[in-house]
There are 2 protein chains.
Amino acid sequence: MNEINFCPLDYTMNLIGTKWKPIVLFHLLEEPLRSGILQKKVPGISNKMFTQTVRELEKDGLLIRTVYPVVPPKVEYALSTRGKSLQYILESLDKWGAEDCKK
Amino acid sequence: MNEINFCPLDYTMNLIGTKWKPIVLFHLLEEPLRSGILQKKVPGISNKMFTQTVRELEKDGLLIRTVYPVVPPKVEYALSTRGKSLQYILESLDKWGAEDCKK
DNA sequence: CTGTATCCTGTCGGATACTG
DNA sequence: CAGTATCCGACAGGATACAG
């Protein structure tokens, strides 16, 4: 890597520029969701990639993982403040896609 | 893939959701650039990935490739109308990154 | 200058089975 | 229900050499 022409866009893409991350975040915009529900909203994602994705998002402080000590286990994911600050971008991406695929 | 919960965001990410595409497009926002210049603005990218990236962007109609029949060869890349319509999003991603990495 | 063609390695990412 | 572990094929992506 070279930092000479580093641009913030690059920084952003390193956080959310993967196949699944934006979609996961997008589905959390409205409300926190428990694990199973969230995963079902991202069809095509494998169990492995789902876990890996939310783990990285948690590590980067974009979402918060809450474990409820009940049986059966219940885990809920919610956007952090930092994650919520992406709302505008996620919706822009969504809107652009909606407009563009009409053509 | 499953289309039940297909969202436009997914569509957008399939077009520009890679490591290099947004950066390449971003550097073309101001003005068309010839190949060598553009590539130098994306440090860290290998020759192979650069060619591959612009080829896909061209195929998807996001940029236009113009070959000038001169010696030495001159090739220029410019955003298409469709590519320009991403300006807003690219700048949002850039701004977010600039804001966020202050913290 | 611009782009292509190999080769080669690491990682992505799915399928499956299993634990608490 | 939620998550982990392993296996394994596919491909992203770099280095290098070469062509027009």
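Order of the sequence lines fixes the chain letters, A, B, ..., with proteins taken first and strands second; residue numbering starts at 1 for each chain.
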Value for CG (A:L15) from CG (B:D100), rounded to nearest 0.5 Å, stands at 6.5 Å
Note: A:W20 and A:T53 closest approach over all heavy atoms is CB-OG1, 3.8 Å
When rounded to whole Å, the CZ to P distance for the pair B:R55 and C:dT2 reads 12 Å
Between CD of B:Q39 and P of C:dC1 the distance, given in whole Å, is 11 Å
Rounded to whole Å, the NZ-P distance (A:K19 to D:dA10) equals 17 Å
Between NZ of A:K21 and P of C:dC12 the distance, given in whole Å, is 10 Å
(message) Using OP1 and OP2 only, check whether a side-chain N or O of A:Y77 sits under 4.0 Å from D:dG3.
(response) yes
In this structure, CZ of A:F50 is separated from NZ of A:K41 (nearest 0.5 Å) by 12.0 Å
Rounding to 0.5 Å, atoms CG (B:N14) and SG (A:C101) come to a distance of 11.5 Å
Between A:R34 and D:dC1, is there a contact of a side-chain N or O with OP1 or OP2 at under 4.0 Å? no
Would you mind reporting whether B:D10 and B:C7 have side-chain heavy atoms less than 4.5 Å apart? yes
Per-helix bend value, the helix from C:dC1-D:dG20 to C:dG20-D:dC1, C1' rotation axes over five pairs per end, 10° rounding, shows 40°
Between the CG atom in A:L86 and the CG atom in A:L28, the distance rounded to the nearest 0.5 Å is 12.0 Å
Interatomic distance, CG@B:L63 vs NZ@B:K21, rounded to 0.5 Å, equals 10.0 Å
Residues in residues 45-54 of chain A with a heavy atom under 4.0 Å of DNA chain C, by number, are A:S46, A:K48, A:M49
(request) Look only at the side chain of B:T12 and the backbone of A:L93, and say whether a donor-acceptor pair between them is shorter than 3.5 Å. (result) yes
Contacts of B:T51 meeting side chain to side chain donor-acceptor pair (under 3.5 Å) (sequence neighbours excluded), chain-then-number -> none
Ordered by number, residues from residues 64-75 of chain B within less than 4.0 Å of DNA chain C (heavy atoms) are B:R65, B:P72, B:P73, B:V75
What side-chain donor-acceptor pairs closer than 3.5 Å can you find for residues 68-81 of chain A, not counting sequence neighbours?
residue: A:Y68; atom: OH; partner: A:E76; partner atom: OE1; Å: 3.3
residue: A:Y77; atom: OH; partner: A:R65; partner atom: NE; Å: 3.4
residue: A:S80; atom: OG; partner: A:G61; partner atom: O; Å: 2.6
residue: A:S80; atom: OG; partner: A:L62; partner atom: O; Å: 3.1
residue: A:S80; atom: OG; partner: A:R82; partner atom: N; Å: 3.3
residue: A:S80; atom: OG; partner: A:G83; partner atom: N; Å: 3.0

B:L38 CG to C:dC1 P, in whole Å, measures 15 Å
By side chain to side chain donor-acceptor pair (under 3.5 Å), A:Q39 pairs with (sequence neighbours left out) none
